[in-house]
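Per chain, numbering begins at 1; letters A, B, ... match sequence-line order. All values below come from the heavy atoms of this structure, side chains included, with hydrogens, waters and symmetry mates left out. The structure presented is a predicted model; accordingly, all values stated were derived computationally and were not measured.
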Protein chains: 2
Amino acid sequence: MLSFFTVDCLIFTFHEGKLKVLLNERNEYPYRDWWAMPGYFVDKQEEMEQAVNRIAYEHTGLKNIYLEQLAAMAGLKRHPEGRILTVAYMALVRYDDVKNKVKPVTNYMRQAKWFDVNEVPELAFDHNDILKLGLKKLKRNLNYSTAPFELLPEKFTLTQLQQIYEAILGETLDKRNFRKRMSNLGYLKELDEYQTGVSYRAARLYKLDKRKFLKLFT
Amino acid sequence: MLSFFTVDCLIFTFHEGKLKVLLNERNEYPYRDWWAMPGYFVDKQEEMEQAVNRIAYEHTGLKNIYLEQLAAMAGLKRHPEGRILTVAYMALVRYDDVKNKVKPVTNYMRQAKWFDVNEVPELAFDHNDILKLGLKKLKRNLNYSTAPFELLPEKFTLTQLQQIYEAILGETLDKRNFRKRMSNLGYLKELDEYQTGVSYRAARLYKLDKRKFLKLFT
DNA sequence: ATTTAATAGTGTAAAAAATACACATTATAT
DNA sequence: ATATAATGTGTATTTTTTACACTATTAAAT
């Protein structure tokens, strides 16, 4: 057997107040013409995470991105050819880092496109389930993970951070309460720098203090 | 290839105030003589969860037990023969249901034994990591999952429930505060029944109200 | 120079949840 | 009757969460 198993990768980013996920339009049976998570076979001599990084690199031009394993799917009926074992991952990338990336076209896929996570069509295989899993995991771990900061530039405003919380939680938050809570966490560094290039009052920039974060959660 | 991939299963139970995990003493290379999680190959025509249930059944005599998928491990160097893809699960069983089960002996394993999760030796493969993962997941999801109730008989006392919380969290809790918190959750049914067979004041029994629980967490 | 538009940034009071803490009660065994 | 072993309960304090609205700042438009 040339190919042993596959990895699929939900690639999330954040842009214009929305959480987005990158999907491929398949050009191959089964599910030709359907949208699906990026994914491909893991080479025989390749580590699984390497394969995920390879796929993410082809789609984003980025290496060593933030990854979390979501689940292994092995249903006998997932694929008409028989069981194809797939390990699903979730990746988080900064929109600024990927916005100019040319979208890949291969034999296998016709195009790649960012979808608002709330406007995802019916996907190939069990990919809608996996998306749900990813969103649920993001939400559940929100307060213990650096996920929000993986979606933001290194220096960010509190409004941007709040928008990410809102997108992940699927609800709006009160500005004053959010800011109070964030500053009580103790792992945000307030910088003496401000936003530039906006036509209104520039907001203060913040950074994640990784040291303090790790101290709290390890 | 006769065997495609394996599943491993952490089987947890709760007994005498301790969280326990069932381990096998291996009788096969690699890691002969080491303790390891129960696990075995998934048959070609067998669903993955079926395989986990089969393994759990061999060890506990129970069918349709509570299962959660933990992780897929696929390192090229996990096994001297090359990559063996393994999907790790965690199962929760009631001690009353398994205490009389005869422990399996096969070609592959010499014996099975319950270990206090805090007294687990160095295990085969990456099984210590998987155990850590399982314990972490139990802890993190404690307040959103029925896990504690999967470890208890249908009718239980608040002291038993508290002991499970303490074992999972790894810390002691205040009795009065714990009871207050539990009754505020709203999904515990207070029964008009009491413990029997104890030589001291019998405690009131409680039940999980699954309907109310589901309403809160779905 | 003034106005407009857009977002940043801030405080307080009330409610809810978490914490700290100790003793009387009850059932059984002797 | 007494000893034993665990059950079951209340209150005060602190902390956290929630609800809520206006002024400040900047750049662009007039």
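Residue Lys180(B) has its side chain nearest to dT11(D) when only dT9(D), dT11(D), dT10(C) are considered. Picking from dA8(C), dG10(D), dC20(D) the nucleotide with the shortest atom distance to the side chain of Asn177(A) gives dC20(D). Of the candidate nucleotides dG8(D), dT10(C), dA24(D), dA24(D) has the atom lying nearest to any side-chain atom of Arg201(A).
Mapped onto DNA chain C by nearest heavy atom, Gln195(A) and Ser199(A) fall at different nucleotides, with Ser199(A) at the one closer to the 5' end. In terms of position along DNA chain D, the nucleotide closest to Thr157(B) lies nearer the 5' end than the nucleotide closest to the other residue of the pair Val198(A) and Thr157(B).
The side chain of Arg176(B) places no N or O atom within less than 4.0 Å of a non-bridging phosphate oxygen (OP1 or OP2) of dG10(D). Between Thr159(A) and dA8(C) there is a side-chain polar atom (N or O) within less than 4.0 angstrom of OP1 or OP2.
In this structure, Lys63(A) forms a cation-pi arrangement with Tyr57(A), its terminal cationic atom sitting closer than 6.0 Å to the ring centre and no more than 45° off the ring axis.
Note on ring orientation: taking the six-membered ring where Trp is involved, the planes of His127(B) and Phe125(B) are tilted (angle from 30° to 60°).
Within the 4.0 angstrom heavy-atom criterion, base atoms lie near Asp174(A).
Residue pairs meeting the salt bridge (charged side-chain N to carboxylate O under 4.0 Å, His left out) criterion with at least one partner in residues 11-25 of chain A, sequence neighbours excluded, are Glu25(A)-Arg110(A).
Salt bridge status for Arg94(A) with Glu150(A): present, with a side-chain N to carboxylate O gap under 4.0 Å.
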